[in-house]
Structures are given as structure tokens and as C-alpha cells.
Amino acid sequence: MEYVNPEGLRLDGRRPMEMRQLRGEIGVVSKADGSAVFEMGNTKVIAAVYGPREVQNRSQQLNDQALVRCEYSMANFSTGDRMRKPKGDRRSTEISLVIRQTMEASILTHLMPRSQIDIFVQVLQADGGTRSACINAATLALADAGIPMRDLVTSCSAGYLNGTPLLDLNYVEDSAGGADVTVGILPKLDKVTLLQMDAKLQMDTFENVMQLAIEGCKAVASYIREILLDNTKQLEFRRGV
Amino acid sequence: MRDLQLSLNKGQSVRLERALEQLESLSSKANSDASVTVADDISVNYEDAILKGHGTVEMDGRLVATLCGVVERVNKLVYVRALRARYKPEIGDIIVGRVIEVAPKRWRLEINFSQDAVLMLSSMNLPDGIQRRRTAIDELNMRSIFEESDVICAEVRGFQHDGCLHLQARSQKYGKLKKGQLLTIPPYLVKKRKQHFHYLDEYGIDVILGCNGFVWVGEHVETRDDMAEDLSNKSEPSSVKSLNTMSDDEAEETYTPPETRQNICRTANAIRVLSTLGFMITVEVVVEIVKLSISLNLDVHEMLGAEFYVLVAEKEAERRSLLTKRR
């Protein structure tokens, strides 16, 4: 199948190096400490953060840092054909772990000893790149909850199809069988906290694809920063003196 | 807009926007570029010695924010004041909390902090009002003082060496809160002041603005009266018996006149509206909003309608512009 037509356009009309439209919103779950919705094109994810709060299971309590937990789930209606999978299947356990580790790398957990931070992410619409969207939503929600972080974590995926590197794959491109590289970075520190690939790529192509994904992450970061700054200003002027 | 899921009609949304714009213009003069987000650089003069405060971290020789908030500078100290975050206790803060566990010699309280707070039996006045050592009987009778899910008002005593937060309730004004509503609002909307207990005598209600963002609105209680009653009860020797008489009193006292109930709900709704709009909550503003709702002849439930939100926003804009003019 042809994923990039001769004019250089992809199936959904994007250029190879073009991202889908981003949209982020803060404060969507009223009872959570922090919450956000993040959309990348048709992929839509909601995240809620609770904490830092008292550790629920005493045996898990850490005396020098906070315990970070993450739960990823996919709504039954999120995919094309309605699926009924039990909670905690292999895929969602893996993604929960990935998100937890990625977020934990940036949270300053040592400032909140003997407490726990819960991150819940749910996919409302799945159209490829749910992992990235979840990480971006979780970052927004954590920042909204006022949890100290080294840096914002942002994530974006990139792939390689028809001999061209493609940024931000959608579901059709994702299931084409080519490589899918998901990268999560700390944009300010220029460090990689997540790198996943589910196929083989040649060394030099891989570097190109990864570079493309990093560019995507930086674009997401500048967008997220904009949202957060706008939100902070809103809260401050409304509060008044 | 955060938390504000209202069905505004066109006119209302225009008015709300206008009021908010006015608020923005009023505050922007003070500090326009002090807002930072996570990982933003904070501009400081590195030649001066500076003290890094909360919400900042040094990275490659630069000062970087770790929170979203507003940069504050006090002499050498530079810190980021977080807006939306959990409560950070300071010694002497008056807080409202909910009992979640009765443990040996202590109660555990949920206070919107990263851990549960602890109120020791020894750091509160006994109901009989005398100072003495707490005996095993007192410990067994702890549930007669506070039970699980009771709402309590107390003061932050300090951190223990193991990091847990201790409270105290060594005065008649602290203790169990009855006959009212507990509201939870973001703690950054409560300003620390001299007075956190407020008695609104024209409505016959008490308002306690806990520093942790828990607000109590309840029927007014005379603390002195309670004390006197307890002292008279004390003539009966056995403590168990005095407990029984207390519960009888409670049964008699459960009646609250409907007007007071309405006033409680009205005030609570005023606080709800203000906190949803993200305005600072002080007792003066709350009273103003309650008066506004009464002068408009609104029912209590109508206060949560879209129109009243717009009115409150306009009122607040008007109030703040008056304040700045007066300066």
C-alpha cells in the first residue's frame, strides 16, 4: 500500500514531517488535584492526578521519596471495533509501566517523602500514538496538580514507511507494519526518558527517524508550555491580591 | 475555562468575558511577567548572592522553576509560589479536617496535605475541661470525643522529627464541628489572616476558613456555653454518665431553624461560586455576595445558575477597580 503519494502527501493529507493538530485543556476533572485532556488529531486522552496523598498500602511506603503509581486504560468505545478486554491485560500493564517510569524520571519525588502520587490516564479515542498522547496528558495534569518536576516530559512518535520518515503516525500508518519509534524527552535538559521501537531499522535511518521524533517532542513541549503559562496567568489574575 | 461548566447564553458569556478582562487589566500592572511554568528560567542577577526557595532548582548554573506559579522575591530569597497545589502546612495555621481513623492515643485527620495529620489525645482539651494526665479510660473513650468522619477544627502544632504533622486543639474554639456544611476549595484562595473564625451575627452562622482549603459553614455555637454546661455536668462523678447526658443534650440541640439552614446554604453557595470563578475568598467578599443574592431576591438554588456567576464576576471586577482607585 502507498502511504506517501507521489505529491508527498500522507493518507490523511499531511506532509511527512507534519504533526497532527494538538489541543490541550487543563482542569477537566473537578475532584482531581490535577487533570487534563490532550488531543493529537483524533487521538484523545484524559488524565487525572491525585496526590501527593497518604500512601494507601502502608507496606509500599517509601521513607525518602514519593511513590508514583500509574494506571492506563482504554475506553471500550475508543477503538474502531468495540472491544471488551479485562482491565489489566498485558498491553495496558506495559503502557502503565512505561508511563510511570517516564513520569517518575522527571518528578522530584524526594521532596514528598511518605506520600503517593496516582496518575490515571484513559484513552477516549484511539487513532495511533496513544502512548505519546498519554504521556503528554500526564505531564499537563502533573503540572496542574502543582507537583514539582525537573522538566516537562513530552512525547511523540515517528515511523518509517515507503522509504520516508513520518512524524506522528496515525492508526492506519501504525498498523502498516513499519517501524514505530516512540520517544519521550525532557526538552529543556535534552535528555531521553523513553525510547521504544517495535520493528527493525537500519542504524542511519533510525537516527533520522529519532531526530524527527525529537523535533516533534519539542513542538509538543512549546505547545504545552503555552497552555500552562496561560493557565497560570489566568489563575493569578483571577485570584487578585 | 476550568471547572466552569455552565450553559451561558450569548449575552452572559460576553458580560463574563468583559468582567474577566477588566480583572486582568487591573492585575496586570503589578506583575506581568512573573508567571513561570515548569522548567522556565528565572531571571536573577547571578552576581548577587541569592537563596533558592521552594519551587526552584539550580541546573547548569541557572535558576529553573519546578512548578507553575508566580516568582516571588523577598530580599535575597527567590521562590515560586504555586497556585494550584495541595496545602503546605505552616505552624499556627488554623485548619479544618476530617477524622479518618481512631488510632491508639491519636486521631488521624485528612487535611488535604500529602500525608494525614495526627491529633494526639494529649494535645487537646478534654471535654470535662480539667488538666490532667490522660488515663487508659480516656483512651477507651476517644470515640466519644471524635468519631470517624467527624469534621474537626484544629491548629497546626508542628512537624515531628519523623516528618508527620501534629495538630493541637487546646482551646474551646477548636473541636468538633456540627450542624453545617464542609466545602473544599483550592487552598491558594484562602489568605492567611489574623482571624479565621468568623461569626456572621446577622445570619446566625459561623464561617471557618481553614488554611488548608476546607471551609466550614455552620450554625453559630457559643463556645462559652458549652464549657459552662460541661462544668455543671461534672458534678456527676462517673465520666460515662456525663457522656450519656451529653448525648441527650445533643438530641435536644439537633434542631436548627429553617432560616439558619437557608443562611448556611446561601453562604456555602456564595463560597462555591467564588471558588469556581477562582476569586480569593475572604469573609468580606463572601458577605458581599450573600447580600447581593438577598438583594436580588434569589432563591438559594438559583445562586448556582449561570446568571449569578456572571453577576458575581461583575461585582468582583467593580469591587477591585474601586479598591485600586482608592489607593
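Below, read A as the first sequence line, B as the second, and so on, with proteins coming before strands; counting in each chain starts at 1. Computed over heavy atoms, backbone and side chain alike; hydrogens, waters and symmetry mates excluded.
A donor-acceptor pair is defined here as one N or O able to donate and one able to accept, closer than 3.5 Å; such a pair exists between the side chain of Glu54(A) and the backbone of Asp116(B). Arg84(B) places no side-chain N or O within 3.5 Å of a backbone atom of Thr232(A) that could act as its donor or acceptor partner. Put simply, the side chain of Arg225(A) gets close to the backbone of Val38(B): a donor and an acceptor are under 3.5 Å apart. Although no hydrogens or angles enter the test, the distance criterion places a donor-acceptor pair under 3.5 Å between the side chain of Arg239(A) and the main chain of Tyr188(B).
In terms of heavy-atom pairs under 4.5 Å with chain A, the best-connected choice from Leu274(B), Asp162(B), Val80(B) is Asp162(B). With respect to chain A, the highest number of heavy-atom pairs below 4.5 Å among Met280(B), Arg86(B), Gln115(B) belongs to Arg86(B).
Taking 4.5 Å as the limit, some side-chain heavy atom of Leu229(A) sits within range of a side-chain heavy atom of Ser35(B). Annotation: side chain of Lys188(A) is in contact with side chain of Asp41(B) (closest heavy-atom distance under 4.5 Å).
The two atoms that bring Leu67(B) and Gly146(A) nearest to each other are CD2-O, 3.2 Å, heavy atoms only. Taking every heavy atom of both residues into account, Arg320(B) and Phe237(A) meet most closely at NH1-O, 3.0 Å.
Leu189(B) CG to Arg238(A) CZ: the interatomic distance, rounded to the nearest 0.5 Å, is 10.5 Å. The structure places OG1 of Thr37(B) at 11.0 Å from CD1 of Ile227(A), a figure rounded to the nearest 0.5 Å.
For Arg62(B), the part lying near chain A is the side chain, with the backbone staying farther off; criterion is any non-hydrogen pair under 4.5 Å.
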